[in-house]
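Chain letters run A, B, ... following the sequence lines, proteins first and then strands; every chain starts at 1. Note that the structure is predicted; figures quoted are calculated from it, not measured.
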Number of protein chains: 2
Amino acid sequence: MATIEDVAKLAGLSRTTVSRVINKHPYVSSAKKDLVLQAMEELGYVPNSSARSLRNQKTGVIAVFIPRVMNPFFSQLIETLEIAASLSHYQLLVCQTQYSAEKELTYLQLLKVKQVDGVILASFENEWSKIEPFLEYGPIVLCNEFEKNARVPMVLLDQAYGGYIAAKHLLENGHTAIAYCCGSYRSNVSKAREAGFRKALAEYGVPFQEELAFRNAFQVEDGKRVFQQLAAKAKKPTAIFTGSDEVAAGLIAEAKRNHWVVPDDLAVIGFDNQIITELIEPRITTVHQPVQDMAKKAMDIMVSQLASKHSVKQEVHKFQLELVIRESTNKVLVNL
Amino acid sequence: MATIEDVAKLAGLSRTTVSRVINKHPYVSSAKKDLVLQAMEELGYVPNSSARSLRNQKTGVIAVFIPRVMNPFFSQLIETLEIAASLSHYQLLVCQTQYSAEKELTYLQLLKVKQVDGVILASFENEWSKIEPFLEYGPIVLCNEFEKNARVPMVLLDQAYGGYIAAKHLLENGHTAIAYCCGSYRSNVSKAREAGFRKALAEYGVPFQEELAFRNAFQVEDGKRVFQQLAAKAKKPTAIFTGSDEVAAGLIAEAKRNHWVVPDDLAVIGFDNQIITELIEPRITTVHQPVQDMAKKAMDIMVSQLASKHSVKQEVHKFQLELVIRESTNKVLVNL
DNA sequence: ATGAAAGCGCTAACAA
DNA sequence: TTGTTAGCGCTTTCAT
């Protein structure tokens with residue numbers, strides 16, 4: 001593998017000049033520049049990445065933490081983040097924490113050992129106080145997460161509003177026995193969403209029924225499980241708010257298998273407006289999240305933090321959600 | 001940020017000794033070792049990743065090339081690869097080529113500049129002759145791809161068999177006008193699958209009808225489009241083989257919107273046994289692919305190539321596919 | 001406009 | 001068992 005030294009020799013110039021050409025510095029006569037370019041070409045030279053990283057104290061790599069890739073919400077996030085990173089000439093390192101606080105801490109070492117320049121946290125399991133110290137080693141941006149105490153930029157979706165409009169929609173349709181279902185128990189995303197949900201209920205004088213609350217539902221399978229639990233209740237709800245389209249889809253599938261009619265026997269509302277909401281029957285009412293906008297913004301912020309070593313401060317960017325009404329909550333058939 | 005030098009000073013020892021402790025070399029008295037450990041602890045020292053990479057000529061990072069993350073097949077691949085990489089203490093860099101040969105070549109530079117130790121190609125767009133030269137810079141493993149001329153390990157699914165059993169299933173159900181639908185036109189995956197498909201047809205004396213062949217169908221939207229094209233034909237098929245569950249799902253959705261009954265008016269078979277196949281109605285007959293096994297094997301091979309600088313040679317690992325029969329091809333209702 | 005030389009942080013050959 | 005020292009390949013002062 002050719003080094004900068006080899007190029008310099010071949011061109012009959014110094015390493016410095018070659019380096020100047022590589023980095024497009026001024027003050028290189030075009031004659032010498034051509035000489036260098038030619039030598040580089042001839043040797044098939046490319047600058048060694050580790051050497052540059054060591055010298056420049058930066059790697060050009062950004063890590064993103066997610067629980068797992070196989071969750072349409074996070075896949076979409078990753079996809080958009082990778083494209084955005086690439087446009088700014090960064091590489092994206094994907095770290096799956098698998099909802100494990102320990103794994104998260106291990107991955108955070110990447111920042112400390114300077115294997116990555118910054119970290120985008122699209123979920124976190126540890127107390128913020130455990131994460132905070134890593135800020136010393138590089139920027140951290142929260143994406144789809146909120147933490148009151150964190151003096152870092154955070155981009156997020158207005159989950160409280162999402163919970164609110166979803167609940168309100170069910171309430172407007174006359175439901176008073178509404179089940180609630182969410183994913184990660186103690187994430188701030190869940191908490192905000194639940195707060196919005198409760199707020200709408202309160203406005204309609206409908207109580208939140210803890211016995212109709214299901215936690216830790218993430219996937220299709222969980223949706224099926226939730227249906228079984230719900231069907232076993234003495235006092236059954238007439239509607240259910242789920243925190244995810246996958247859960248809603250699983251729930252509806254199971255409901256149909258048990259000869260329940262959605263939405264007549266049970267109205268179901270999802271979250272995230274994934275493609276699946278338009279494929280199953282009835283199509284799922286859901287809340288659209290501008291995931292791509294959020295991802296782009298997060299990468300934007302990360303890249304500019306990396307460019308200008310500005311002071312770290314709290315900074316909140318909120319994106320708005322939108323209700324998408326379909327047949328899983330609506331008896332009127334909109335089909336075709 | 002503390003360096004090895006700082007640790008050495010604090011411990012009153014040499015950098016070498018500290019390095020030995022870091023790398024768990026023998027010949028360090030436990031007294032000195034404790035001294036070093038204590039100094040490291042006190043300074044919160046961690047070895048700098050770029051420096052090690054430069055010195056050791058390896059980064060601990062493996063790149064994986066896929067067209068895009070938001071495709072359940074590739075999400076699953078990425079998820080499994082990342083877990084496997086992590087277990088072997090490697091990081092995974094995700095590169096989305098977006099079906100662009102040019103992007104692919106750009107990303108391949110990662111190997112040349114030594115930003116990654118190896119590349120797992122889970123799809124490729126360029127002629128192999130364009131990729132081959134990069135082998136000089138690090139190992140390449142094909143995953144879910146086949147290339148006759150490539151002197152590299154490849155792990156793959158028996159696509160020919162997959163096409164064969166799918167077609168055979170339709171033929172056994174009495175279909176003779178069978179449409180064919182695939183994704184990437186010229187990938188070897190597609191070619192093998194089509195070959196298997198054609199073989200089954202030939203065995204039943206049924207001709208392959210080029211006017212019922214649809215290429216470049218990847219997503220739900222494409223499935224919808226294919227339905228429209230198909231419905232416009234004068235001679236309509238009674239069954240269709242699609243190269244993906246998403247396409248099948250889109251096709252079925254569109255068929256239903258147009259009041260076609262699946263499978264009576266049109267039998268549909270998917271590919272990959274994604275979760276969606278069990279959620280829509282009718283549930284989709286499909287071909288199960290052991291993606292996780294394949295991904296693990298690919299990472300296994302990559303890691304061992306990286307460990308032992310063995311000679312690069314061709315090496316094929318094939319995984320078997322399996323037909324999963326559901327209602328989209330079968331009039332008998334298996335439901336419940 | 002160009003070059004000499006120091007040094008980013010680490011490891012390993014060699015010496016002791 | 002421990003230390004000295006020479007780089008890994010690059011960028012950047014500082015001189016010229």
A.B. asks: Ignoring hydrogens and geometry beyond distance, is a side-chain donor-acceptor pair present between Tyr107(A) and Ser86(B) at under 3.5 Å?
C.D. replies: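 Side-chain D/A pair, Tyr107(A) to Ser86(B): present.
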A.B. asks: Tell me if the NZ atom of Lys58(B) is crowded by more than 12 foreign heavy atoms within 6.0 Å.
C.D. replies: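 At most 12 heavy atoms, drawn from other residues, nucleotides or ligands, come within 6.0 Å of this atom.
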A.B. asks: Take atom CD of Glu127(A) as the centre, draw a 6.0 Å sphere, and report whether it contains more than 12 heavy atoms from other residues, nucleotides or ligands.
C.D. replies: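 It does not: Glu127(A) CD has 12 such atoms or fewer within range.
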A.B. asks: Please give me every residue in residues 26-37 of chain B whose heavy atoms get under 4.0 Å of an atom in DNA chain C, ordered by residue number.
C.D. replies: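 Output list: empty, so none.
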A.B. asks: By the definition side-chain contact (heavy atoms from CB on, under 4.5 Å), identify the one residue from Leu142(B), Ile140(B), Val119(B), Val152(B) that meets it with Ile131(B).
C.D. replies: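 Exactly one pass, corresponding to Ile140(B).
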A.B. asks: Sequence neighbours excluded, which residues qualify as side-chain hydrogen bond (donor to acceptor under 3.5 Å, both in side chains) partners of Gln289(A)?
C.D. replies: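 Listed in chain order: Gln159(A), Asp272(A).
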A.B. asks: Please determine if a side-chain N or O atom of Ser14(B) lies less than 4.0 Å away from the OP1 or OP2 oxygen of dT2(D).
C.D. replies: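 Negative; the distance criterion is not met.
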A.B. asks: In terms of heavy-atom contacts, does NZ of Lys9(A) have more than 12 from other residues, nucleotides or ligands at under 6.0 Å?
C.D. replies: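 Not more than 12 within 6.0 Å, no.
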A.B. asks: For the CG atom of Leu81(A) and the SG atom of Cys143(A), what is their distance to the nearest 0.5 Å?
C.D. replies: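 One finds 6.0 Å between CG of Leu81(A) and SG of Cys143(A).
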A.B. asks: Each nucleotide in nucleotides 9-16 of chain C should get exactly one letter: B, S or -. Can you fill that in based on protein heavy atoms under 4.0 Å?
C.D. replies: BBBBB---
A.B. asks: Quantified as the angle between the terminal helix axes (five pairs each), what is the overall bend of the helix from dA1(C)-dT16(D) to dA16(C)-dT1(D) to 10 degrees?
C.D. replies: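 The value is 40°.
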A.B. asks: Round to the nearest Å and state the distance from Gln115(B) atom CD to dG9(D) atom P.
C.D. replies: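 Atom-to-atom, Gln115(B) to dG9(D), this comes out as 17 Å.
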A.B. asks: Check the side chains of Thr17(B) and Ser14(B) for a donor-acceptor pair under 3.5 angstrom, ignoring hydrogens and angles.
C.D. replies: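 Distance-only check passes for Ser14(B) and Thr17(B).
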A.B. asks: Got a sec, which residues hit side-chain hydrogen bond (donor to acceptor under 3.5 Å, both in side chains) with His25(B), two or more places apart in sequence or on another chain?
C.D. replies: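 None.
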A.B. asks: I'd like to check the side-chain hydrogen bond (donor to acceptor under 3.5 Å, both in side chains) partners of Asn126(A); sequence neighbours left out, ordered by chain and number.
C.D. replies: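 Asn126(A) satisfies side-chain hydrogen bond (donor to acceptor under 3.5 Å, both in side chains) with Glu104(A) once adjacent residues are dropped.
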